[in-house]
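Here the structure is laid out as structure tokens; the discussion comes afterwards.
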Amino acid sequence: MRITVLAGGVGAARFLRGLKAEVPDADITVIGNTGDDITLFGLHVSPDLDTVMYTLGGGISEEQGWGRDSDTFTVLAELSAYRAGSGWSGPDWFNLGDKDFATHIVRTSMLAAGQPLSAATATLCERWRPGVTLIPMTDDWTETHVLLAGNGHPDGPGPDGSGRTVHFQEWWVRLHASVPAAGITVEGAAQARPAPGVIEAIEAADVILFPPSNPVVSIGAILAVPAIAEAVRAKTVVGVSPIIGGAPVRGMADACLAAIGVPATAGAVAAHYGPQLLNGWLVDEQDKAAVDAPEPAGITVRALPLYMTSLAATATIARAALDLAQELRG
Ligand code: GDP
Ligand code: CA
């Protein structure tokens with residue numbers, strides 16, 4: 001069986017663990033979000049690609065859900081000493097551990113030598129052996145930006161006196177999404193070409209799965225690449241709701257949905273994807289009402305427990321997604 005998954009970070013990585021456990025012999029391709037990518041200290045950081053790679057490869061910090069296991073922060077402390085003791089003003093709000101730095105150094109050195117991000121990702125995965133083929137959505141530059149509503153930025157208002165536009169990571173990590181977003185855009189996506197292998201993996205797949213990733217900044221960013229959205233629309237797509245009982249289970253996905261005017265409910269997220277794209281939708285039992293009144297019509301909804309509390313619970317969710325896909329394919 002060939003399965004292609006559009007993936008963000010933590011939600012996707014957990015789901016993928018369950019999927020691999022459920023169908024160990026399946027050929028799984030993961031198309032990773034690069035909208036979260038950011039250049040920090042001159043290094044190209046790909047948070048979502050790394051979360052999937054470390055989680056499936058056994059190098060993740062289980063406590064955090066991102067970053068390396070048992071990492072130390074010596075480099076960060078040294079950077080902090082330069083910030084305090086010199087005129088240097090590098091960012092102080094993004095945590096990177098020492099082991100994690102090595103990943104970003106390998107990636108950045110390959111990019112500096114003229115290699116594409118997909119080649120750097122493949123090289124990193126040679127070490128981690130995640131058991132899936134992990135491909136960035138594009139080798140072209142993309143960055144998700146957030147237009148802040150109002151003047152809540154610590155550095156003051158934007159140049160014209162109104163809200164600033166910041167990198168998604170600055171809004172998410174530095175501001176904890178505490179300043180409401182008036183808009184979210186994936187810069188570069190409209191012109192981006194899918195990375196080598198992306199369209200092939202979508203076309204060859206028996207099913208496309210959307211894990212319970214952030215619908216706006218994870219899956220939404222991948223679908224912002226026009227050729228990817230077009231290829232996915234032609235396939236059987238089954239998604240897992242990241243919203244349970246009107247709230248994201250972890251994190252602040254509701255703040256991203258609010259920014260694009262979508263209510264934080266399982267039904268509204270399905271309607272946002274729409275029946276052209278999404279064929280099947282798994283919702284939690286708490287959201288069973290969405291089964292009786294699927295909105296919009298044209299999406300087949302099933303309800304089951306969607307908390308990824310254990311590997312076994314997550315494997316059951318993956319099985320339900322595959323069964324629904326099988327049913328829809330007839
Ligand atoms: P990120 O890039 O690290 O934010 O990760 P993703 O975009 O892949 O996934 C984040 C989303 O996962 C959050 O917005 C949550 O709504 C969702 N999520 C986290 N844990 C669970 C869970 O146990 N069950 C479900 N259904 N969704 C979850
Ligand atoms: Ca992410």
Side-chain angles (χ1 to χ4, degrees), residues 5-19 30-38 45-56 60-62 64-67 94-95 134 136-137 142-146 167-173 176-177 184 186 209-224 238-260 262-266 268-270 272 281-287 290 301-318 320-321:
V5 181
L6 307 194
V10 176
R14 282 179 161 254
F15 175 80
L16 284 163
R17 263 188 180 159
L19 180 66
V30 178
I31 299 171
N33 172 36
T34 62
D36 281 20
D37 286 21
I38 184 167
V45 180
S46 299
D48 283 354
L49 294 175
D50 289 350
T51 296
V52 169
M53 179 176 79
Y54 293 154
T55 302
L56 300 184
I60 198 78
S61 161
E62 298 287 351
Q64 296 177 150
W66 49 270
F94 204 89
N95 269 340
L134 176 63
M137 68 197 209
T142 57
E143 271 188 8
T144 300
H145 288 182
V146 177
H167 191 291
F168 168 71
Q169 297 293 352
E170 185 167 352
W171 181 60
W172 200 249
V173 178
H176 306 289
I184 296 180
V186 187
L209 298 181
F210 292 178
S213 283
N214 189 310
V216 185
V217 298
S218 293
I219 294 181
I222 301 171
L223 294 170
V238 173
V240 180
S241 177
I243 302 294
I244 299 182
V249 185
R250 287 178 197 82
M252 310 164 281
D254 45 342
C256 297
L257 287 165
I260 62 162
V262 175
T265 67
V269 173
H272 167 65
W281 187 235
L282 301 185
V283 302
D284 189 77
E285 287 179 322
Q286 295 175 45
D287 302 307
V301 181
R302 296 277 181 275
L304 73 159
L306 286 191
Y307 289 106
M308 299 187 287
T309 45
S310 66
L311 186 61
T314 311
T316 303
I317 298 169

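We use all heavy atoms of the structure for the numbers below, so side chains are in, but hydrogens, waters and symmetry mates are not. Every number for a ligand or one of its atoms is a count from 1 in the order of the listing.
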If you consider just the N/O/S atoms, which atom of Asp48 is the closest one to the Ca ion (ligand 2)? OD1

Would you find a donor on one side and an acceptor on the other, under 3.5 Å apart, between the side chain of Trp281 and the backbone of Ala266? yes

Among the N, O or S atoms of Asp36, the one nearest the Ca ion (ligand 2): OD2

Between Phe168 and Ile184, is any pair of side-chain heavy atoms under 4.5 Å apart? no

Non-hydrogen side-chain atoms of Leu16 and Thr55 separated by less than 4.5 Å: no

Does the side chain of Asp36 reach to within under 4.5 Å of the side chain of Gln169, using non-hydrogen atoms? yes

Less than 3.5 Å apart, which donor and acceptor atoms pair up between the side chains of residues 209-217 and the rest of the protein, not counting sequence neighbours?
residue	atom	partner	partner atom	Å
Ser213	OG	Gly8	N	3.2
Asn214	OD1	Val216	N	2.9
Asn214	OD1	Val217	N	3.1

Is there a side-chain contact between Arg17 and Leu311 in this structure, where contact means two heavy atoms from C-beta onward sitting under 4.5 Å apart? yes

With a 4.5 Å limit on heavy-atom distance, are the side chains of Asp287 and Ser241 in contact? no

Dump all N/O pairs between ligand 1 and the protein below 3.5 Å as a table: atom names plus distance, one pair per row.
residue	atom	partner	partner atom	Å
ligand 1	2 (O)	Gly9	N	2.9
ligand 1	2 (O)	Asp48	OD1	3.1
ligand 1	3 (O)	Val10	N	2.8
ligand 1	5 (O)	Gly9	N	3.2
ligand 1	5 (O)	Val10	N	3.0
ligand 1	5 (O)	Gly11	N	3.4
ligand 1	7 (O)	Asn214	N	2.8
ligand 1	7 (O)	Ser218	OG	2.6
ligand 1	8 (O)	Gly9	N	3.0
ligand 1	8 (O)	Gly11	N	3.2
ligand 1	8 (O)	Ala12	N	3.0
ligand 1	8 (O)	Ser213	OG	2.6
ligand 1	9 (O)	Gly11	N	3.2
ligand 1	12 (O)	Pro212	O	2.8
ligand 1	16 (O)	Pro242	O	2.6
ligand 1	20 (N)	Arg250	NH1	2.3
ligand 1	23 (O)	Met308	N	2.8
ligand 1	24 (N)	Leu306	O	2.8
ligand 1	26 (N)	Ser241	O	2.9
ligand 1	26 (N)	Leu306	O	3.2

